Amino acid sequence: EVIVVDGSSSDGSGDMVREEFPWAKLMIQPNHGFAHAVNRGLEQCTRPYLLLLNSDLFVTRAALESMYSRLSADPQLAAAAPTLTNEDGSKQRTFGVFYWPNWVEVRKATRVWLLSAACLMTRRDVVDRIGALDETFFLYNEEYDWCARARQAGFHLEVIPEQVVHVGGGSTGRNPLMRLEEQRGFMYLTAKHGSPLVSEGLRRLMQFEGYC
């Protein structure tokens, strides 16, 4: 079951899907952000296992089978995600310098506190329990929030050693407004999950950055 959500793109992507993949369900939606698009797709899914997949990612059968195997074996596993690589085969650095899987080779399914939504498999029962993505986020930070809610509900998360290529930025380009949106989303995230003191400190720090 493949559902493609097109946020009113203007590059002919929708026509390409319709012509080359007529068996896929194509949904043309207003562009209200990544979380909105994902949630509209999830609403149409009928299967117990759900895969979130960015348009700039090349998934493999090995990664799909490994994620499915882990999720079917462990009811307390909320989601599994593969190791992301760049087009040249190098490991893709995600979530900053303190995210340890960036620097250590993942040799087996390993528990982590955060997963990238670029390629992430979960189950319907998990989404029914903790909810889908928070649509207050337009782009970026959605997985921070969703993974935090999963952990708060008593689930855990795993990254697997199977690798997939993620172009990275292929979906967004280099629009400077995305940097602003990333900061706005991060402010909302800290207000939702952090202390008021931390949230206010970050707000003032970002104000200072804007003045510089």
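Predicted model only: the values in this text are computed from it and were never measured. Below, each value reflects all heavy atoms present in this structure, side chains not excepted, and no hydrogens, waters or symmetry copies.
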Count I, L, V, M, F, W, Y as connected when their side-chain heavy atoms are under 4.5 Å apart, and connections chain through other members. Are V164 and L52 then in the same cluster?
no
Apply side-chain hydrogen bond (donor to acceptor under 3.5 Å, both in side chains) to R124 and list each qualifying residue two or more places apart in sequence or on a separate chain.
none
For the CE atom of M121 and the CD1 atom of I160, what is their distance to the nearest 0.5 Å?
8.5 Å
Partners meeting side-chain hydrogen bond (donor to acceptor under 3.5 Å, both in side chains) with E1 (sequence neighbours left out)
T46
Show every salt bridge (Lys or Arg N to Asp or Glu O under 4.0 Å) that has at least one partner inside residues 20-37, sequence neighbours left out.
none
Indicate yes or no for a side-chain donor-acceptor contact from K91 to the backbone of T83 under 3.5 Å, with no hydrogens or angles considered.
no
Heavy-atom closest pair (P161 atom, A109 atom, distance to 0.1 Å) is CD-N, 3.9 Å
So, are R149 and D145 salt-bridged, with charged N and O less than 4.0 Å apart?
yes
Please report the closest heavy-atom contact between T122 and A79, naming both atoms and the distance.
CB-CB, 4.2 Å
Look only at the side chain of N54 and the backbone of D56, and say whether a donor-acceptor pair between them is shorter than 3.5 Å.
no
ring-ring contact (aromatic ring centres under 6.0 Å, His included) with F34: which residues, sequence neighbours excluded?
none
Interatomic distance, CG@L51 vs CG@L42, rounded to 0.5 Å, equals 10.0 Å
Mind listing the closest non-hydrogen atom pair of C119 and M67 along with its distance?
SG-CE, 4.0 Å
4.5 Å side-chain heavy-atom contact, W100 and T110
yes
Is the shortest side-chain N to carboxylate O distance from D134 to K192 below 4.0 Å?
yes
Pairwise distance CD1(I130) to CZ(R151) - rounded to 0.5 angstrom:
10.5 Å
With rounding to the nearest 0.5 Å, note down the distance linking OG in S116 to OH in Y99.
8.5 Å
Quick one: list whatever passes side-chain hydrogen bond (donor to acceptor under 3.5 Å, both in side chains) with Q76, sequence neighbours left out.
none
Of all heavy-atom pairs between E162 and A63, which one has the smallest distance, and what is that distance?
CB-CA, 3.9 Å
Any sub-3.5 Å donor-acceptor pair from W146's side-chain atoms to G131's backbone N or O?
yes
Tell me whether L77 shares a hydrophobic cluster with L50, the cluster being built from Ile, Leu, Val, Met, Phe, Trp, Tyr side chains joined at under 4.5 Å.
no
So how far is it from S13 OG to D6 CG, rounded to the nearest 0.5 Å?
6.0 Å
Going by side-chain heavy atoms closer than 4.5 Å, which hydrophobic residues are tied to F21, directly or by a chain of links?
V2, V4, M16, V17, W23, L26, I28
Can you name the salt bridge (Lys or Arg N to Asp or Glu O under 4.0 Å) partners of E19, sequence neighbours left out?
none
Joint hydrophobic cluster, L115 plus V97, side-chain heavy atoms closer than 4.5 Å
no
For the atom pair CG (L114) and OH (Y144), what is the distance rounded to the nearest 0.5 Å?
5.5 Å
Does R47 have any salt bridge (Lys or Arg N to Asp or Glu O under 4.0 Å) partners at least two apart in sequence or in another chain, and if so, which?
none
Does any pair with a residue in residues 56-78 pass ring-ring contact (aromatic ring centres under 6.0 Å, His included), and if so which ones, sequence neighbours excluded?
Y49-Y68
Return each pair, listed once, that meets salt bridge (Lys or Arg N to Asp or Glu O under 4.0 Å) where at least one residue sits in residues 58-75; pairs must be two or more places apart or across chains.
R70-E158
Joint cluster assignment, L84 & L120, ILVMFWY side-chain distance < 4.5 Å:
no
Less than 3.5 Å apart, any donor N or O on the side chain of Q163 or T85 sitting next to an acceptor on the other?
no
Which atom of P75 lies closest to which atom of F155, heavy atoms considered:
O-CE2, 3.6 Å
Heavy-atom closest pair (P101 atom, V106 atom, distance to 0.1 Å) is CB-CG2, 4.4 Å
Count I, L, V, M, F, W, Y as connected when their side-chain heavy atoms are under 4.5 Å apart, and connections chain through other members. Are L133 and F138 then in the same cluster?
yes
side-chain hydrogen bond (donor to acceptor under 3.5 Å, both in side chains) filter on N39, not counting sequence neighbours, yields E135
Polar side-chain atom of E142 near backbone of Y140 as donor-acceptor pair, under 3.5 Å
yes
For I3, the hydrophobic cluster (side chain heavy atoms closer than 4.5 Å, chained through members) also holds V5, M27
